[in-house]
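Notes for the one structure printed next.
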Amino acid sequence: MIIDNFITYISEFSKSFESLYETSHMLYIVIYLIFFGIILISRFIISDLYDDKLTINEKRFTIMIPIILLVLFIFAPFQLSEFLIYFSFFAALSYLTIRTYKNMKNSTHKFDETILNKYKILMFVIIILSVVGIVDNAIYYISYNKNSYITLTTSEYRTVGLDIIKLLICVIGLKYLYSSFESIFDNKELGKKSETKKLEDFCIEYSLTNRQREIIELIIEGCSNKEIGSKLHITEGTVKTHIYNIFKKTDISSRNQLLKKIMYD
């Protein structure tokens, strides 16, 4: 994309270069390299998230397919190379969605049945749209020389399957962006409710008493042992005993570990 914009910038100062750039295949090569980059980066993300390393065949395809497509793009008819590039992109996209689903199914401790079912629907939608995109480009290629381009698209430069996939990605992205901002700018009252719920779950999990919960609440507020004793009207020694018992029950050894275990575990 940087190279493409750099070339476009140069073309502003040279009309002959601009004409060469628009009539050559350079622009399309840049676009297809972006497609390849999207697939490759997505596979690396899957590899990192699920510890799913690239297989030998995947490594071979990663090297061979771009070379084959580039050669075809230079020497084969433009419409054929364009179809094969779109076919490879849609096929790889479908493959990635299926591989992600399999990884999610194997990570049952991370995803419940509801999330899996939602992703399964999304996976089938992407696969169907990919098939639509392949069929659309195949019809365009077949009918190109016959001057009867009747396809699923409304414009020569649009692919309805890819457009809907991009729209889905935008909608999902906006949804998670909204959720992120909502949590960042959440008010203090909601924050306290969330904190209280976490503490409640923590106390239930480790069978802590009401007194131990009161002490933890004051620890969260940053109170010292002396301040806790003063607020609860007990001696500092009794506070230390309660804290020792809390640490023993929860298998931790410091206040910081206690706070992390409540808020982040």
Problem - Crowding at CG, N210 (>12 non-hydrogen neighbours, <6.0 Å) - result: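 No, the 6.0 Å shell around CG holds no more than 12 heavy atoms from other groups.
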Problem - Over 12 non-hydrogen atoms of neighbours within 6.0 angstrom of CG in D251 - result: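 Incorrect, the count does not exceed 12.
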Handout entry: Pairs satisfying side chain to side chain donor-acceptor pair (under 3.5 Å), at least one member in residues 62-71, at least two apart
Key =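 Checked against side chain to side chain donor-acceptor pair (under 3.5 Å) - neighbours excluded - no pair reaches residues 62-71.
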Can you list the residues that meet the side-chain contact (heavy atoms from CB on, under 4.5 Å) rule with [X], with sequence neighbours excluded?
{"X": "I252", "value": "F247, T250, Q257, L258, K261"}
{"X": "L232", "value": "R211, E214, I215, L218, I228, I234"}
{"X": "D52", "value": "R43, I46, Y50, R99, N103"}

Handout entry: For Y119, all residues meeting side-chain hydrogen bond (donor to acceptor under 3.5 Å, both in side chains), sequence neighbours excluded
Key =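 Y119: no side-chain hydrogen bond (donor to acceptor under 3.5 Å, both in side chains) contacts found.
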What's the shortest heavy-atom distance between [X] and [Y], and which atoms?
{"X": "R255", "Y": "C223", "result": "NH1-O, 2.7 Å"}
{"X": "I220", "Y": "L259", "result": "CG1-CD2, 3.5 Å"}
{"X": "L116", "Y": "Y101", "result": "O-CE1, 3.8 Å"}

Handout entry: NZ/NE/NH1/NH2 to OD/OE distance under 4.0 Å, K166 and D163
Key =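 Yes, this pair counts.
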Practice task
Identify whether the distance between the nearest side-chain nitrogen and carboxylate oxygen of R213 and E217 falls below 4.0 Å.
Solution key: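 Salt bridge: yes.
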Problem - Under 3.5 Å: donor-acceptor pair, side chain of T241, backbone of G237 - result: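 Side chain of T241 to backbone of G237: a pair is present.
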Practice task
Mark yes or no for whether K226, through its side chain, and E236, through its backbone, hold a donor-acceptor pair below 3.5 Å.
Solution key: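 It does not hold such a pair.
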What's the separation between atom [atom1] in [X] and atom [atom2] in [Y], rounded to the nearest 0.5 Å?
{"X": "C203", "Y": "Q212", "atom1": "SG", "atom2": "CD", "result": "8.0 Å"}
{"X": "L93", "Y": "S130", "atom1": "CG", "atom2": "OG", "result": "4.5 Å"}
{"X": "Y95", "Y": "I127", "atom1": "OH", "atom2": "CD1", "result": "13.0 Å"}
{"X": "K249", "Y": "Y206", "atom1": "NZ", "atom2": "OH", "result": "12.5 Å"}

Exercise for the section: Could you walk me through whether K240 and I243 pass side-chain contact (heavy atoms from CB on, under 4.5 Å), step by step? Expected result: CA-CA 5 Å; K240 288 180 180 179; I243 291 175; 5.7 Å; no
Practice task
Quick one: list whatever passes ring-ring contact (aromatic ring centres under 6.0 Å, His included) with F36, sequence neighbours left out.
Solution key: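 Expected list: none.
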Problem - Check against side-chain contact (heavy atoms from CB on, under 4.5 Å), F202 and K198 - result: CA-CA 6 Å; F202 180 79; K198 287 179 180 179; over 6 Å; no
Exercise for the section: Take I134 and Y86 through the test side-chain contact (heavy atoms from CB on, under 4.5 Å) and record every step on the way to the result. Expected result: CA-CA 7 Å; I134 290 170; Y86 270 106; over 6 Å; no
Exercise for the section: For T238 and T235, test the side chains for any donor-to-acceptor distance below 3.5 angstrom and give the result as yes or no. Expected result: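 Present: a donor and an acceptor within the cut-off.
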Problem - Within one Ile-Leu-Val-Met-Phe-Trp-Tyr cluster: L40 and I67, side-chain cutoff 4.5 Å - result: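 Each belongs to a different hydrophobic cluster.
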Practice task
Verify the cluster assignment for M64 and L54: are they in a single hydrophobic cluster under the rule of side-chain heavy atoms below 4.5 Å apart?
Solution key: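 Different hydrophobic clusters.
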Exercise for the section: Begin from the C-alpha positions of K118 and I115 and carry the test side-chain contact (heavy atoms from CB on, under 4.5 Å) through to its verdict. Expected result: CA-CA 5 Å; K118 285 181 179 178; I115 294 174; 5.7 Å; no
